[in-house]
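Remember, predicted model here, so these are calculated numbers, not experimental data. In the text below, chain A, chain B and the rest are named by the order of the sequence lines, each starting its count at 1.
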Amino acid sequence: MSAHRNIFPVVNHNGDFEGIIHVEDIREIMFQKERCRV
Amino acid sequence: MNFKHLLKRILIWRIRHISDRNFVLVLSVVVGVCAGLVAVIIKNSVHFIQSLLKDWIASEVESLLYIFYPLVGISLAVLFARYIVRQHVGHGIPTVLFSISKTKGLIRQHNMFSSIVTSALTVGFGGSVGLEGPTVATGAAIGSNLGRMFHLNYKQIILLVGCACTGAMAAIFKAPVAAIVFALEVIMLDLTMVSLVPLLLASVTAVLTSFLLLGQNILYPVDISAAFQMREVPLFIILGVFSGLLSVYFTKMYMYIGRVFALIKTRGGKLFAGGLVLGLLIFLMPSLYGEGYDVINSALSGNADYLFNDTVYEVVRSNFWAIISMFVAVLLAKVVATSVTFGAGGVGGIFAPALFLGANLGLMFAFVANQLGYDVSVTNFALVGMAGAIAGIIHAPLTSIFLIAEITGGYQLFIPLMIVSTISYVTVKLFTTNSVYTMQLAKRGQLMTHHKDKAMLSMLHVDELVETNFRKLHNDDKLKDVVNAVANSKRNIFPVLDAENTLVGIVVLDDIRDILFKPELYDKLSVKELMISPTPFLVSLDESMEVVAEKFQRTGNFNLPVVDHGKYVGFVSRAKVFSHYRRMLKRFSDD
């Protein structure tokens, strides 16, 4: 399911809040497929 | 040493030795003196012109010439504005309100003298308008330009403009308290401890200047011999309703005649049409000539002879129904006479016409009441009628109460003044939202009022808030171009333009998230399939912020596209509007 917001909270396996990802910060790389591969 | 150099030295000395707050106090005294002087100059100029006309013209032709005098006066005023000032000369209080709302309190320098000359010519030659508006405007122009000369900020300039308006009213009516109330109620200054002291200083200085040069006698010397009685309360309530209805008639007729004159395209056409109608009305009802202070004084003494003097109906002057008919005719015609004076190009105010109407309405009302056996004081009713008309026409109930109390030198009529003013104001508000002072500005969303939200919005302008850092798309672009724009933009909306730079659509990031990562669609989908129509959200560059705020609320959008004559300019965002709104509110709330 896609989000409607442009900020994404990052949590660890225990549910602890670790950080935030801003779409603004990743715009340039999010369309670079080679960097998206795991 | 030239003036500029001297001013610079004074400015430097001032900054070193006098705090901003104290300097405003000093300037408020200066402005008070200037406003007092302006009131005296305008008043004496009118008297001078009137005496010239009386002394130089042979008496046998005088009465006939009076019909043409207003046309001559207004023509001279129009010529002066056109060929000497070469700029539009406004009508006093609306000019001041406009400057506060739209030009950061700055009033052009010519207003420091142009209103004096044009209004003196208009009223001196018999134009059926008052001198209060021009006096206030002239004082305000002096306050504004003094503030600008001494590099004061917007708030301080507005305060000086308010001081000048207070001073002007205080000097004209010798009513210092009513003048302060006027600044709060009509000029819509906020009452804070910072504003109160300068207003008091300006008011008292202006009154003293007026006392010094014109003497201490009050404007309407009346003797209130009959005290207010409880049994008169129902009559005052009815007078209040009639005052309100008369005010509604004033406002509607004033606006209607304004629209009619707007249809006449040439300046000469307006002049002759207005001059002729005014001349005809003065021929039929000579009491309409000039600002009408003599008529008001006569009305206050209970003498209605002016209705019939120099008319062809003198023979019926003792008939009750003829008197009432003339009262009604004068009330109806005065509004037309005032409006056509403005329509023709005359400069003046509506304060004196409002007092004229109120005095006549009150006197007529007392005549009718006495005829019905009530035995009321005609003077009291004429006075209270004046308050009712000011409350209704100018939408200033408090000013009217204090003004009449002060100019009559007593507070015996406070209760009836409160009854009539309040009822008149409530009645007029049922039919008209704004007074003739504020109607035009309010229509354009440019009126600064005590309504803080509206006031702040009126000070924000779309062109100052528009943001332009958006990636533009063209209407023949594909999804891949959108993806490229998303990757390289900081924003989440993308205007779609045609070859003429017309905004034809908007692509919203939220709507296309699902397909952004589907490369197989990059060349298949065109922008036209992805965009939404901008029409429901469009904001034009000159739109008022009140309308824009309403659009934000109605659409729920965070950004609205801005166009200028159909061409794309940028977007205005809620976030930026809010931050500017708050900054402005904070600046104005500082004491």
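Of residues 562-577 of chain B, not one residue has a non-hydrogen atom less than 4.5 Å from any non-hydrogen atom of chain A. Within residues 482-491 of chain B, the residues having any heavy atom less than 4.5 Å from a heavy atom of chain A are, in residue-number order, B:V483, B:V486, B:A487, B:S489, B:K490, B:R491.
Within 6.0 Å of CD in B:Q553 there are 12 or fewer heavy atoms belonging to other residues, nucleotides or ligands. For B:K551, the NZ atom sits in a packed shell: over 12 heavy atoms of surrounding residues, nucleotides or ligands are nearer than 6.0 Å.
Rounding to the nearest 0.5 Å places CZ of A:R5 at 11.5 Å from CG of B:N492.
Legend: residues meeting side-chain contact (heavy atoms from CB on, under 4.5 Å) with B:T535, ordered by chain and number and at least two apart, are B:S533.
In plain terms, the two heavy atoms of B:F517 and A:M30 that are nearest each other are CE2-O, 3.3 Å.
Only the side chain of B:L509 comes within contact range of chain A, judged by heavy atoms closer than 4.5 Å.
Legend: salt bridge (Lys or Arg N to Asp or Glu O under 4.0 Å) pairs involving residues 479-488 of chain B, not counting sequence neighbours, sorted by first then second residue: B:K480-B:D523.
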